Number of protein chains: 2
Amino acid sequence: MTTEPAISARSPRRERTRERLLDAAFEVFADQGVQGASIEAVCEAAGFTRGAFYSNFESKEELFLALMDREMRTHLADLERSVAAIDPAALDTPDGFRAALRSVVSGVGPDVPGERQWCVMKLEFELLAMRDPDVAARYTAGQQRQRAELIVVLTRVLDGLGLRFTVDVRTAVDLLLGAYEAGLRAALLGAPGDQHPEALIEVLVDVLTAAAPPR
Amino acid sequence: MTTEPAISARSPRRERTRERLLDAAFEVFADQGVQGASIEAVCEAAGFTRGAFYSNFESKEELFLALMDREMRTHLADLERSVAAIDPAALDTPDGFRAALRSVVSGVGPDVPGERQWCVMKLEFELLAMRDPDVAARYTAGQQRQRAELIVVLTRVLDGLGLRFTVDVRTAVDLLLGAYEAGLRAALLGAPGDQHPEALIEVLVDVLTAAAPPR
DNA sequence: TGTATCGGATACGTTGATGCATCGGATACA
DNA sequence: TGTATCCGATGCATCAACGTATCCGATACA
C-alpha cells in the first residue's frame, strides 16, 4: 500500500531495527495510547533516537499501520497454530470440546500475561478504524480472515462429532466472538458479576448446540 | 468525587457554559479522540476561549470525567424512558417482542444519526478505563446500572408473557449486550457479511427462548 | 588497509498546546 | 444611574514534540 522499499531491498540490520521499533511501538501504544504516545517515547523504548525512526518510517501513522498489519498477521498465524494443535481425541468429552473451542475463539487461548495489552491494542485499532476508512479496510479484512478461518474450523469439528449448531455457523461465530470480547473487556475492567469470557462461551455453546441431533 | 463547587453554588450562566463546553467536548472527542483533541479545539467548538475553560474545569481530564458521567446518566435515563414506552399490547407478536427488545438493548433504539459518535465515545471510555482505575470504576458502575435495569425489565416482560430464557437472565443480558455491541461496531466499520446488530439480536433471542415453556 | 556507503545520532529551528496573570464588559443590586 | 462582582477574553512565557539537515561510526568490499 504505502511505498515500501521493495521489502527484499531491506538489509538484515535495517530489518532488525524495524522490528525493535515495532515491538516498542506495541508496548508504548498499549501503555499510552496511539495518539498519546510521542515518537520520541517509542524510540526511547526501542533504544534508538528519532534519527533511526525517521530513517525507517515516514510518520507515526505509517508506524501504526505497519504494526497493525504485523499484529493481525501474527494472530492469524497463532489461530492456525492452535487449530492445528487441537487433539481430536479430546473433543469427545463436553469439557474437552469447550476447552478447544475457547482456545480457538480466543485466538491463542489463555496467554494471560499479554491479554491486557492485546485487548487494549484491539480497542485502539477499532477506534482508529472508526476514524480512517483506510485503517478500517485493513482492520476488517484481517477480522474477516479470522472469522473465515473459524467458520471452516468449527464446521469441520462439528461435522466430525456429528453435531450441528442450531443456527447458521457464521452467525454462531459472530456470537461467540462477540461474547468472548465483551466478556474479556468486562473482566479486564474489573466488572463484578458473571460476565466472564469462559462462562459466557460455555453457556453460549450449550445453547447453540442444545437441540442438535445426537451423533 | 472531584471537588465540585457545591453544585448549587453554580450560577445559571456558568451552568450553561459548562453544558456548552461538555457538548463541544463530546463532538470534538468523538471526532479527534480524547488524547488527540486540544483544549483549544473544544473551546473553539463551544464558541469560547481557553479562559472560559480554565474558569470551569481544572484540566482536560476533569472535563472528560464530567462528560463521561453526564453521558452515562443520560443513557440510563434514555433506557428508562424507552422501557416506559414499551407497549404491552405489541409484545404478543414475535416481531413486536423483538423490536421492543432491540430498542431496549440498544439503550435508545435506532437513533441512527448519533450512532457512530456514541459508539466511538464508548470505545474511548473503555480505552481510558483500561488505563485508569478511577475511570474504570466509574465506567463499570454505569454499565452495571444499565445491566441491572435490563435484567429487571426483561424478567418482567418475559414473566408477563409466560416465557423464560433458556439461561440465567443475567447471562442472557450479557450475551445480548455483547452481540449488540459487536454487531454495531462491525456494521459501522463497514464489515461485509451478516454480523449486523439487528440480525444477531433476533437470532439470539430465538435461541434464548427456543425451549421455553409455552404460555 | 583504504574507501565508499549505509544507518543511526546529534543539533537546530519551528510549531502548537499549555497554564497563568491580567484585563474588560456585562449583570445584579442599591 | 452608579458600583461591585462575576465570568469570560486576551496576552504572554514556557515547553514538549516535530521534522530536517548534517555528522560520525561501522560494515562491506576492493
Side-chain angles (χ1 to χ4, degrees), chain A residues 2-67 124 128 131-132, chain B residues 2-67 124 128 131-132:
Chain A
T2 46
T3 354
E4 293 183 9
I7 211 163
S8 57
R10 290 203 292 242
S11 79
R13 179 186 175 190
R14 207 170 175 71
E15 196 59 42
R16 262 176 291 139
T17 48
R18 259 186 82 95
E19 285 303 307
R20 277 174 59 191
L21 282 170
L22 287 172
D23 293 343
F26 184 87
E27 298 284 334
V28 175
F29 285 172
D31 188 48
Q32 313 183 17
V34 174
Q35 291 172 321
S38 69
I39 294 177
E40 174 82 39
V42 173
C43 297
E44 192 179 348
F48 291 107
T49 63
R50 273 175 312 145
F53 174 83
Y54 283 108
S55 166
N56 280 279
F57 298 94
E58 194 172 298
S59 63
K60 193 164 74 172
E61 177 174 335
E62 193 192 309
L63 172 67
F64 168 78
L65 290 176
L67 177 63
E124 290 277 352
L128 277 283
R131 302 200 174 100
D132 183 332
Chain B
T2 47
T3 355
E4 291 181 11
I7 209 164
S8 58
R10 291 204 291 242
S11 79
R13 178 186 175 189
R14 205 170 177 71
E15 196 59 42
R16 264 176 291 142
T17 50
R18 258 185 84 95
E19 285 303 306
R20 278 174 60 189
L21 282 170
L22 287 171
D23 292 343
F26 184 89
E27 299 284 333
V28 175
F29 285 171
D31 189 48
Q32 313 183 18
V34 174
Q35 291 172 321
S38 68
I39 294 177
E40 174 81 37
V42 173
C43 297
E44 192 179 350
F48 291 107
T49 63
R50 283 197 327 265
F53 175 82
Y54 283 108
S55 165
N56 280 279
F57 298 94
E58 193 172 300
S59 62
K60 192 165 74 172
E61 179 174 333
E62 194 192 309
L63 172 67
F64 167 78
L65 290 176
L67 176 62
E124 290 277 352
L128 275 283
R131 302 199 173 100
D132 182 332

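Numbers restart at 1 for each chain; the letters A, B, ... are given by sequence-line order, proteins then strands. None of the values given here were measured: they were computed from a predicted structure.
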Distance check needed: D:dT20 C1' versus A:Phe57 CZ, whole Å only.
19 Å
For atom CD of A:Glu61 and atom C1' of D:dG19, their distance in whole Å:
16 Å
Closest to the A:Arg14 side chain, choosing from D:dC18, C:dG19, C:dG8
C:dG8
Quickly, which of B:Arg18, B:Arg50, B:Arg14 forms a side-chain hydrogen bond (donor to acceptor under 3.5 Å, both in side chains) with B:Ser55? Name it, please.
B:Arg14
Check: A:Ser11 main-chain N/O paired with A:Arg16 side-chain donor or acceptor under 3.5 Å:
no
Distance in angstrom units between A:Gln35 CD and D:dA17 P, rounded
15 Å
D:dC7, D:dA9, D:dC18: which one has an atom nearest the side-chain heavy atoms of B:Ser55?
D:dC7
Nearest to the side chain of B:Arg50, which nucleotide is it out of C:dA9, D:dG11, C:dC12?
D:dG11
Students often get this wrong, so: under 4.0 angstrom with heavy atoms, is B:Thr49 touching a base, only sugar-phosphate, or nothing?
base
Reckon A:Ser38 has a side-chain N or O less than 4.0 Å from the OP1 or OP2 of D:dA16?
no
Give the rounded distance in Å between these two atoms: CG of B:Leu63 and C1' of C:dT18.
15 Å
Regarding A:Glu124 and B:Arg131, does a basic nitrogen lie under 4.0 Å from an acidic carboxylate oxygen?
yes
For the side chain of B:Gln32 and the backbone of B:Ser38, is there at least one donor-acceptor N/O pair under 3.5 Å apart?
no
Taking for each residue the nucleotide of DNA chain D bearing the nearest heavy atom, is the 5' side occupied by B:Gly47 or by A:Ala37?
B:Gly47
Could you check how far NZ of A:Lys60 sits from P of D:dA17, rounded to whole Å?
10 Å
Looking only at side-chain N and O atoms, does B:Asn56 come under 4.0 Å of OP1 or OP2 in D:dC7?
no
Separation of D:dT20 C1' from A:Ile39 CD1 (nearest whole Å)
13 Å
Sugar-phosphate only, base, or nothing, as touched by B:Phe48 at under 4.0 Å among non-hydrogen atoms:
sugar-phosphate
For atom CG of B:Leu21 and atom P of D:dC7, their distance in whole Å
14 Å
Base, sugar-phosphate, or nothing for A:Arg13, non-hydrogen atoms under 4.0 angstrom?
sugar-phosphate
Below the 4.0 Å mark, does C:dC6 have OP1 or OP2 next to a side-chain nitrogen or oxygen of A:Ser11?
no
How about B:Phe57 and B:Leu65: do any of their side-chain heavy atoms sit closer than 4.5 Å?
no
Checking D:dC7, C:dA9, D:dC18 against the side chain of A:Ala52 (C-beta onward), the nearest is C:dA9
Return whichever of A:Gly51 or A:Ala41 has its heavy-atom-nearest nucleotide of DNA chain D closer to the 5' end.
A:Ala41
What is the distance from OH of A:Tyr54 to C1' of D:dG19, rounded to the nearest Å?
5 Å
